[in-house]
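Order of the sequence lines fixes the chain letters, A, B, ..., with proteins taken first and strands second; residue numbering starts at 1 for each chain.
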Protein chains: 2
Amino acid sequence: MNKIKVCRPPARQAASTPAAESLQSLDRIDRAILRQLQTDASISNVALAAKVKLSAPACLRRVERLKESGLIRGVVALIDPKSAGAGMLVIIGVVLDRSTPESFADFEKAAQTVPGCMECHVVTGEFDYFMTIRTRDSDSFNRLHAEQLLYLPGVRQIRSFMVLKEILSTTRFPL
Amino acid sequence: MNKIKVCRPPARQAASTPAAESLQSLDRIDRAILRQLQTDASISNVALAAKVKLSAPACLRRVERLKESGLIRGVVALIDPKSAGAGMLVIIGVVLDRSTPESFADFEKAAQTVPGCMECHVVTGEFDYFMTIRTRDSDSFNRLHAEQLLYLPGVRQIRSFMVLKEILSTTRFPL
DNA sequence: CTTGAAATACTACTACG
DNA sequence: CGTAGTAGTATTTCAAG
């Protein structure tokens, strides 16, 4: 019943490259593990092992290696924003007054403390930054906008794009 | 080994609680559980129970209830994008040709299939959609742009904002 | 309706082949 | 990598606040 297993030994015992594991060193089984854990990491190790057609200890060793290598950054629970009272999502584009290293550093430091800020990125184009902010409703966003966002250091302009409908929002990408 | 369970009535305080469980029905312990699981869900149930000062069975029941209520949408492993060969992040703003229901539906259906698309939202303002796309490098993005994005149905204009630096990217928001 | 203690079933983990 | 054995955990049962 069992088919031939293409268990090519990963041979990663180079002993000199403990860090910076890349996609290239992942075989078919590692990718299957990652695909599963990206979808549902609450699965037990034995069930995971069965899915990838491996013994439980071997599977566990791979998962631990993937964690230690940093390829698996962590395992977290995803909360439904609406149930958690943060049903509104706003994307804002930010333009700074001056494009100096100090301006950028100051802004970035302050941006991290904005409550509900989920993402903050330096971008090319007509904006310096894009941020995504989760908040309760338009009232609470308006308050945040007036009391916090407009006072972020070095801000020349803030353009807000309210999210009317979330079509797709995933943490998982193809391997 | 997930067993089919009968949904317990969510009535926590009295027999007057509404349908969906919301943030209001969460006590201090539930919030502590959620805060922990948002940060690290690989913790064992006994350790979690100790952290929130509860017995293991009681803690497990709360976690299961939070899952069944939908407040915990899932438990997933977060992959390091760079290690996974998707080190480049691009935010694109999309303007459609026509603002008809069919246009929107067609676009949304097609957008979901774009490889590496992490987010896609309908927004107010000068764009109809914002999408965030993870890809390997500028070459692969250029290919995606030329071969897929420009052929999404009903697209009038696509403006790309390449992410130069990811300041903040989290899945966890305050409770 | 929730909690905690004890008992059972299962799983993670280790040592070894 | 797999098998077997041990330690620890998840999960059920049940009694009580």
Side-chain angles (χ1 to χ4, degrees), chain A residues 1-15 21 25-34 36-37 39-69 71-72 74-77 83, chain B residues 1-34 36-37 39-72 74-77:
Chain A
M1 185 146 176
N2 274 343
K3 296 201 164 182
I4 303 170
K5 298 180 180 175
V6 281
C7 296
R8 173 168 45 95
R12 303 178 194 88
Q13 287 293 78
E21 186 152 20
S25 58
L26 300 178
D27 61 10
R28 174 172 296 276
I29 297 180
D30 282 325
R31 296 183 195 213
I33 290 175
L34 289 173
Q36 170 61 42
L37 294 185
T39 306
D40 180 12
S42 65
I43 187 177
S44 75
N45 180 62
V46 288
L48 176 61
K51 273 207 172 190
V52 302
K53 299 180 180 29
L54 216 65
S55 71
C59 182
L60 191 62
R61 277 190 289 264
R62 281 173 180 256
V63 172
E64 280 176 350
R65 238 178 26 75
L66 290 168
K67 284 182 182 172
E68 282 178 14
S69 75
L71 211 147
I72 295 181
V75 176
V76 299
S83 304
Chain B
M1 55 178 271
N2 287 330
K3 296 169 70 174
I4 300 174
K5 289 184 165 187
V6 188
C7 283
R8 214 175 298 184
R12 175 176 292 276
Q13 288 188 343
S16 61
T17 25
E21 187 149 19
S22 77
L23 195 63
Q24 318 308 334
S25 59
L26 300 178
D27 60 10
R28 173 167 296 277
I29 296 181
D30 281 325
R31 294 184 197 215
I33 290 175
L34 289 173
Q36 170 61 42
L37 293 185
T39 305
D40 180 11
S42 66
I43 186 176
S44 76
N45 180 62
V46 288
L48 177 61
K51 274 207 171 188
V52 301
K53 300 182 182 16
L54 216 65
S55 72
C59 182
L60 191 62
R61 274 191 292 265
R62 280 173 180 258
V63 172
E64 279 177 352
R65 196 226 291 266
L66 289 169
K67 284 181 182 173
E68 281 179 14
S69 74
L71 211 148
I72 294 181
V75 176
V76 300

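- At least one side-chain nitrogen or oxygen of Arg62(A) sits closer than 4.0 Å to the OP1 or OP2 atom of dC1(D).
- Looking at every heavy atom in both residues, Cys59(B) comes nearest to Val52(B) through SG-CG2, 4.3 Å.
- A straight line from CZ of Arg65(A) to C1' of dC1(D) spans 13 Å, rounded to a whole angstrom.
- Listed in residue order, the members of residues 47-56 of chain B having a heavy atom less than 4.0 Å from DNA chain D come to none.
- Note: CG (Asn45(B)) to C1' (dG8(D)) measures 13 Å, nearest angstrom.
- One interatomic measurement links the two molecules: CD1 of Ile29(A) to P of dC1(D), which rounds to 6 Å at whole-angstrom precision.
- Judged as a side-chain hydrogen bond (donor to acceptor under 3.5 Å, both in side chains), the pairs with a partner in residues 46-55 of chain B (not counting sequence neighbours) are, in order, Gln36(B)-Lys51(B).
- Nearest heavy-atom pair, Asn45(A) versus Ala56(A), reported as atom, atom and distance to 0.1 Å: ND2-O, 3.0 Å.
- In this structure, Leu60(B) atom CG and dA10(D) atom P are separated by 7 Å, rounded to whole Å.
- Here CG of Leu34(B) is found 10.5 Å from OG1 of Thr39(B). Values are rounded to the nearest 0.5 Å.
- Each end of the helix from dC1(C)-dG17(D) to dG17(C)-dC1(D) yields a helix axis from five base pairs, and these two axes differ in direction by 30° (to the nearest 10 degrees).
- Here dG8(D) presents its P atom at 18 Å from CD1 of Ile43(B), a figure rounded to the nearest Å.
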Contacts under 3.5 Å, N or O only, protein and nucleotides 13-17 of chain D:
none

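- Residue Asp27(A) holds its CG atom at 4.0 Å from CZ of Arg62(A), rounded to the nearest 0.5 Å.
- For Ala47(B), the side-chain contact (heavy atoms from CB on, under 4.5 Å) criterion is met by Ile43(B), Ser44(B), not counting sequence neighbours.
- Rounded to a whole Å, the NZ atom of Lys67(A) is 12 Å from the C1' atom of dA12(C).
- Residues satisfying the side-chain contact (heavy atoms from CB on, under 4.5 Å) criterion with Lys67(B), sequence neighbours excluded, are Ser42(A), Val63(B), Ile72(B), Val75(B).
- Considering all non-hydrogen atoms of both residues, Ala77(A) and Ala41(B) come closest at N-CB, 3.8 Å.
- Annotation: side chain of Leu71(B) is not in contact with side chain of Asp30(B) (no heavy-atom distance under 4.5 Å).
- The distance from atom CZ of Arg28(B) to atom CG of Leu26(B), rounded to the nearest 0.5 Å, is 12.5 Å.
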